[in-house]
Amino acid sequence: MTTMTDASVREFKMPDVGEGLTEAEILKWYVQPGDTVTDGQVVCEVETAKAAVELPIPYDGVVRELRFPEGTTVDVGTPIITVAVAGAAAPEAPEAPAEQPRAEPAPAAEEPKPEGRQPVLVGYGVATTSTKRRPRKGPQADVPGPAQAIQAELNGHGGALAEKPRPLAKPPVRKLAKDLGVDLASITPSGPDGVITREDVHAAAAPRAAEPVTEAPATAPAPAAAPAAPAPVTSYDTARETRVPVKGVRKATAQAMVGSAFTAPHVTEFVTVDVTRTMRLVEELKQDKDMQGLRVNPLLLIAKALLVAIKRNPEINASWDEANQEIVLKHYVNLGIAAATPRGLIVPNIKDAHDKTLPQLAEALGELVTTAREGKTSPAAMQGGTVTITNVGVFGVDTGTPLLNPGESAILAVGAIKLQPWVHKGKVKPRQVTTLALSFDHRLVDGELGSKVLADVAAILEQPKRLITWG
């Protein structure tokens, strides 16, 4: 690939959008060669080992080249898009045969930056207005000045990304196609305005899954060849299995869990508790005027119960500093909530959860869950957690032995809440019952401390009035 050396052309490099990340996958381009871009405009979405992040461009101009297609994993610091900056002379469209040199654009000074701009998402560039996602544009026949010349240059000199229009499909459909190994460009769309639907993708995948695996004849082996340049890795099917590459959030989660399991000595304790009164309180809170419009569910009261238990037993809210051989006691609680998303398991946390009232905690939980489901959780939201809750009960599971989120001291697993026979006031009655499991780092938390915390959570859920008397 030819390196752009014109003073009027800027190379936008893949930034480190987290802390010390080395690579990111390009999920989606929002611009194409020939599009006009402005300072602070989002040009693409990338997925790191932590989350999906939208990247804004830090200057004005016209897109000249997209260096990588969607689905490519790119190292931090590698140029991913080149832009002819605004105010520069446009490269002249070639009139002579292609082998003759073409005119180069004249250098242009940068335009002065207006005052009062606000920082954009990932810490570079500024924007005078809020960043908005731009709709994808088609070929720009009516864009004046640099756009026309650059588009003509790309079309005339093998601009591969400009030769073929990008198939239209919504992000979930693109992900489905990626998981099934289907090339969207090979599909005839059936949706309105030429949009590819989920049914189109499944129809395209069905014949491929049914194809038998063929082998080259043993008498005619293929000659050895030099290794080809790696292509973007996607999942693919054979007749009997599907292989999905491990990368992004899933890769980071796998590495973190292995590291957690083999560095922190886990201990897990269990308790089964009657939560009938807590379930009644949930229903009452749903009708409370101070909780209107907020997400009120058992997880809210379980989170509050854990925060009260931590307040009564603050030594559990700690971390292990291996380098300095120290135990770090935290005087704040960043409460992590494990969330299953299409990109894998993530654990965003509620900052300073210990200071929040019940309505504030409900609002924070609602925002956390909604953002995670939309795949918009930021890297910052997943950093600095101290204690985590994982709600396996939503899958109908009674409980489990959760692994610690790296750097944390404890994680509480909440099982399914079921109507079960229970001895209540000397009689067997149907009651709402659940099982809790608390895993903790035995370097930091001994059996007594872990048992106290778990017993406190159970006692609060059995008698939720303790949220007031203990809180």
Side-chain angles (χ1 to χ4, degrees), residues 268-286 288 290-291 294-319 329-338 347-366 368-369 384-391 393 399 402 404-405 408-415 417 432-441 444-471:
T268 305
E269 295 184 341
F270 307 87
V271 64
T272 302
V273 58
D274 176 3
V275 295
T276 303
R277 291 185 178 91
T278 290
M279 297 303 290
R280 290 174 184 166
L281 180 56
V282 168
E283 295 305 314
E284 291 175 7
L285 288 173
K286 288 180 179 179
D288 192 289
D290 293 328
M291 304 296 288
L294 299 176
R295 185 186 298 269
V296 179
N297 54 26
L299 179 61
L300 171 62
L301 295 185
I302 292 168
K304 192 64 176 179
L306 178 58
L307 291 170
V308 171
I310 293 172
K311 182 179 179 181
R312 287 166 54 85
N313 305 275
E315 297 85 358
I316 198 170
N317 189 42
S319 64
L329 298 175
K330 308 293 179 65
H331 303 304
Y332 59 91
V333 181
N334 290 346
L335 182 62
I337 304 295
V347 188
N349 59 78
I350 299 172
K351 309 299 183 187
D352 294 324
H354 64 290
D355 280 339
K356 297 188 181 298
T357 64
L358 193 64
Q360 290 171 339
L361 187 62
E363 182 178 9
L365 273 170
L368 180 149
V369 171
T386 60
V387 177
T388 291
I389 296 176
T390 177
N391 185 9
T399 192
L404 294 168
N405 202 33
E408 299 182 10
S409 59
I411 179 171
L412 177 70
V414 182
I417 299 175
Q432 298 282 351
V433 177
T434 190
T435 300
L436 307 174
L438 183 73
S439 291
F440 48 86
D441 186 339
L444 300 162
V445 183
D446 59 22
E448 179 184 11
L449 177 58
S451 299
K452 285 182 176 179
V453 172
L454 185 59
D456 278 357
V457 174
I460 293 170
L461 295 179
E462 185 174 13
Q463 294 282 354
K465 66 182 180 181
R466 292 190 173 109
L467 287 172
I468 300 174
T469 57
W470 290 0

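- Scanning all heavy atoms of the two residues, the minimum distance from Pro298 to Met279 falls at CG-SD, 3.7 Å.
- For the pair Leu438 and Val271, the minimum side-chain heavy-atom distance is 4.5 Å or more.
- In the model, Glu408 has no side-chain atom that pairs as donor or acceptor with a side-chain atom of Ser319 under 3.5 Å.
- Looking at every heavy atom in both residues, Lys351 comes nearest to Lys356 through O-CE, 3.5 Å.
- For Phe440 against Gly450, the heavy-atom pair with the smallest separation is CE2-CA, 3.8 Å.
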Any chance you could lay out the side-chain contact (heavy atoms from CB on, under 4.5 Å) test for His354 and Lys311, step after step, and finish with the verdict?
CA-CA 8 Å; His354 64 290; Lys311 182 179 179 181; over 6 Å; no
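- The closest side-chain heavy-atom distance from Val433 to Val273 is not below 4.5 Å.
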Apply side-chain contact (heavy atoms from CB on, under 4.5 Å) to Val457 and Leu461, showing your working.
CA-CA 6 Å; Val457 174; Leu461 295 179; 4.1 Å; yes
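- The side-chain heavy atoms of Asn317 and Leu329, taken from C-beta on, include no pair separated by under 4.5 Å.
- Contact of the Thr388 side chain with the Leu335 side chain is not registered, since no non-hydrogen atoms from C-beta on lie closer than 4.5 Å.
- A side-chain contact (heavy atoms from CB on, under 4.5 Å) with Arg280 is found for one member of Val282, Thr278, Thr276 and no other, namely Thr276.
- When all heavy atoms are compared, the tightest approach of Ala353 to Leu307 is O-CD1, 3.6 Å.
- For the pair Asn334 (side chain) and Asp352 (backbone), a donor-acceptor distance under 3.5 Å is present.
- For the atom pair CG (Leu449) and CD1 (Ile316), the distance works out to 5.0 Å, reported to the nearest 0.5 Å.
- For the pair Lys304/Leu361, a side-chain contact is recorded, criterion being any heavy-atom separation below 4.5 Å from C-beta on.
- For the atom pair CG (Leu365) and CG (Leu294), the distance works out to 10.5 Å, reported to the nearest 0.5 Å.
- In this structure, the side chain of Ser439 engages the main chain of Pro402 through a donor-acceptor pair within 3.5 Å.
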For a side-chain hydrogen bond (donor to acceptor under 3.5 Å, both in side chains) check, start with the C-alpha distance between Glu269 and Ser451, then their side-chain angles and the critical distance, and finish with the verdict.
CA-CA 7 Å; Glu269 295 184 341; Ser451 299; 2.9 Å; yes
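- Expressed to the nearest 0.5 Å, how far CD of Gln463 lies from CH2 of Trp470 amounts to 10.0 Å.
- Looking at Val347 and Ile337, their side chains never come closer than 4.5 Å, going by heavy atoms from C-beta outward.
- For the residue pair Ser409 and Val387, the shortest heavy atom distance occurs at OG-CG2, 4.3 Å.
- Lys330 NZ: more than 12 foreign heavy atoms inside a 6.0 Å radius.
- The two residues Ala318 and Leu444 come nearest to each other via the heavy atoms O-CD1, 4.0 Å.
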Can you check side-chain contact (heavy atoms from CB on, under 4.5 Å) on Thr272 and Thr434, steps first, answer last?
CA-CA 6 Å; Thr272 302; Thr434 190; over 6 Å; no
Could you go through Leu467 and Val308, starting from their C-alpha distance and side-chain angles, then the distance that decides it, and tell me whether this counts as side-chain contact (heavy atoms from CB on, under 4.5 Å)?
CA-CA 7 Å; Leu467 287 172; Val308 171; 4.1 Å; yes
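- Between Arg295 and Leu300 there is no side-chain heavy-atom pair separated by less than 4.5 Å.
- Note on Lys286 versus Glu283: salt bridge recorded, some NZ/NE/NH1/NH2 to OD/OE distance being below 4.0 Å.
- Side-chain contact between Leu436 and Leu412 is present, with at least one heavy-atom pair separated by less than 4.5 Å.
- Rounded to the nearest 0.5 angstrom, Arg277 CZ and Arg466 CZ are separated by 9.0 Å.
- Distance CE/Met291 to CD/Glu363: 10.0 Å, rounded to 0.5 Å.
- Screening Val296, Ile460, Leu358 for a side-chain contact (heavy atoms from CB on, under 4.5 Å) involving Leu301 leaves a single residue, Leu358.
- A donor-acceptor pair shorter than 3.5 Å cannot be found between the side chains of Thr435 and Thr399.
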